[in-house]
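Below: the structure, in structure tokens.
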Amino acid sequence: MVFFKRKVQFNDDFGFGSNPVTKNQRMLNPDGSANIERTGLPWFKFDDTYTRLVTMSWPRFFFVILIAYLIVNTIFAVLYNVVGIENLEGAKGLTLRDQFFDAFFFSAQTISTVGYGHISPQGFITSILAAFESMLGLLAFALATGLLYGRFSRPTSKVSFSKKMVIAPYENGHGLMCRLVNLRRNQLIEIEVQMVMSYNETVDGKHVRRFYPLALERDKIGILSLNWTLVHPITEESPFYEKSLTELQQAEVEIFVMLKAFDDTFSQHIHTRTSYQDEEIEMDAKFEKMYYHNEEGKMVMDYSKLDKITRTV
């Protein structure tokens, strides 16, 4: 399919190459991550551990911390039993299972420097082992504290995009629209947005992937206090001009929306992005208004209406 019959300047260096997509696969996931399966990388890279621990989800992070805690205490419990459970004064277990758990909980008390005093090390080797574990515990908890701080202090975006785009009446014609809101109470200033369309095209008998920037009614605002509806006017210069949804599906169209803003709380720039496929574009529809004035005249934002759409025909 050919979107442009006239000569236009394309941006073919968008970071995804020029290979066409197949089976309508996304190039960019809705959460902004690249839809790419990476192979040939090692399963574990030590120098990448910090990045993984800081960027992984909170449930996975706490699961990793819990597993590491259990593994370390299990190793030391085994070592205490190898040295001799009789060297732990106060350990009263008679079976191997009870002796293991006596050593395990003594290890947990030692590594956290709690030291209840019910069990204490006796002998030079056991004392050395307990001292080493105590030092390891101090380092481990300092590391865990640093990771927690790094996760909390890392500036992240809570900008939410509408689930669908709409083609709605705009001025004397139509416009391609999506909208976004900031779900946090912080202030985002100097917001800039870029919208790019990607589609398959046949050039000289070869299928290629094209990237074309979409002109926006407004691509910058000073502060994001309410919602922001991004509008690409569908004029004769637009690739969406007189195109049907069937034609968009045949070209396997995908639209990237990329946002950059300055977070006034962290005093750092944040970035977020999302994408829409042709099947996520609603024709002859418009977004419902998200804000209104209450009885006192104060502006009220209803975030539950972010994805609310009404038909125009």
Side-chain angles (χ1 to χ4, degrees), residues 1-12 14 21 24 26-28 30 159-181 191-203 209-261 272-292 301-302 305-313:
M1 178 181 179
V2 178
F3 265 93
F4 298 95
K5 295 182 179 179
R6 54 189 173 79
K7 186 175 181 181
V8 297
Q9 184 65 38
F10 296 100
N11 180 9
D12 291 329
F14 196 67
V21 300
N24 210 24
R26 285 183 180 274
M27 303 184 75
L28 197 69
V159 173
S160 182
F161 295 89
S162 58
K163 293 180 180 178
K164 291 191 175 184
M165 304 189 85
V166 299
I167 294 181
Y170 175 72
E171 293 185 346
N172 296 325
H174 289 81
L176 177 70
M177 307 178 188
C178 71
R179 67 180 175 186
L180 56 92
V181 293
I191 304 100
E192 299 180 15
V193 173
Q194 181 183 10
M195 188 179 292
V196 177
M197 184 187 75
S198 172
Y199 62 95
N200 288 342
E201 188 175 42
T202 302
V203 180
R209 193 70 175 172
R210 293 289 201 185
F211 299 93
Y212 183 77
L214 300 178
L216 296 175
E217 168 210 28
R218 180 182 301 166
D219 59 7
K220 296 180 182 180
I221 59 174
I223 183 171
L224 183 60
S225 56
L226 299 172
N227 66 283
W228 184 12
T229 301
L230 306 178
V231 181
H232 164 64
I234 301 179
T235 63
E236 293 183 359
E237 303 296 319
S238 169
F240 287 89
Y241 186 69
E242 295 184 345
K243 293 293 189 302
S244 65
L245 282 179
T246 302
E247 292 176 296
L248 298 180
Q249 292 169 357
Q250 290 174 349
E252 302 194 63
V253 166
E254 185 173 354
I255 299 168
F256 309 121
V257 181
M258 294 157 289
L259 178 144
K260 180 179 74 171
T272 187
R273 54 204 166 271
T274 190
S275 75
Y276 299 91
Q277 290 185 294
D278 48 75
E279 59 192 27
E280 295 168 322
I281 300 176
E282 292 282 345
M283 299 284 287
D284 300 318
K286 65 178 181 179
F287 290 114
E288 291 186 11
K289 199 171 183 179
M290 291 184 64
Y291 53 89
Y292 61 92
M301 272 282 293
D302 187 352
K305 291 186 176 182
L306 175 62
D307 299 309
K308 295 292 185 180
I309 294 174
T310 57
R311 311 303 304 184
T312 57
V313 294

Below 3.5 Å, can you tabulate the donor-acceptor pairs from side chains in residues 216-233 to any protein atom, sequence neighbours excluded?
| residue | atom | partner | partner atom | Å |
| --- | --- | --- | --- | --- |
| Glu217 | OE2 | Tyr170 | OH | 3.4 |
| His232 | ND1 | Ala215 | O | 2.7 |
| His232 | NE2 | Ser238 | OG | 2.7 |

Pairs touching residues 281-291 that satisfy side-chain hydrogen bond (donor to acceptor under 3.5 Å, both in side chains), sequence neighbours left out: Lys164-Glu282, Glu282-Arg311

Measuring from [X]:[atom1] to [Y]:[atom2], what's the distance to the nearest 0.5 Å?
{"X": "Arg209", "Y": "Glu252", "atom1": "CZ", "atom2": "CD", "answer": "6.5 Å"}
{"X": "Tyr212", "Y": "Tyr199", "atom1": "OH", "atom2": "OH", "answer": "8.5 Å"}
{"X": "Asp278", "Y": "Gln250", "atom1": "CG", "atom2": "CD", "answer": "10.0 Å"}
{"X": "Ile281", "Y": "Glu279", "atom1": "CD1", "atom2": "CD", "answer": "10.0 Å"}
{"X": "Glu237", "Y": "Leu214", "atom1": "CD", "atom2": "CG", "answer": "13.0 Å"}
{"X": "Glu242", "Y": "Ile234", "atom1": "CD", "atom2": "CD1", "answer": "11.0 Å"}

Quick test of your reading: applying salt bridge (charged side-chain N to carboxylate O under 4.0 Å, His left out), list the pairs with at least one residue in residues 226-235, sequence neighbours left out, ordered by first then second residue. none

Any donor-acceptor N or O pair under 3.5 Å, side chains Arg210, Ser198: no

Using the rule given for side chain to side chain contact (heavy atoms under 4.5 Å, CB included), can you reason through Thr274 versus Phe256, listing the C-alpha separation, both sets of side-chain angles and the distance that settles it, and then say yes or no? CA-CA 6 Å; Thr274 190; Phe256 309 121; over 6 Å; no

Run the numbers on Thr235 and Phe240 for side chain to side chain contact (heavy atoms under 4.5 Å, CB included), then give the verdict. CA-CA 8 Å; Thr235 63; Phe240 287 89; over 6 Å; no

Decide yes or no for Phe161 and Val257: does some side-chain heavy atom of the first lie under 4.5 Å from some side-chain heavy atom of the second? yes

Ser160: side-chain contact (heavy atoms from CB on, under 4.5 Å) partners, not counting sequence neighbours: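 Partners of Ser160 under the side-chain contact (heavy atoms from CB on, under 4.5 Å) test: Val181, Leu183, Leu306.
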
Residues two or more places apart in sequence or in another chain: which of them pass side chain to side chain donor-acceptor pair (under 3.5 Å) with Ser275? Arg26, Glu254

Residue pair Met258, Val196: steps toward the side chain to side chain contact (heavy atoms under 4.5 Å, CB included) verdict: CA-CA 8 Å; Met258 294 157 289; Val196 177; 3.8 Å; yes

Verify side chain to side chain contact (heavy atoms under 4.5 Å, CB included) between Asp307 and Phe287, making sure each step is shown before the conclusion. CA-CA 7 Å; Asp307 299 309; Phe287 290 114; 5.9 Å; no

With distance as the sole test, does Tyr276 use its side chain to make a donor-acceptor pair with the main-chain N or O of Lys163 at under 3.5 Å? no

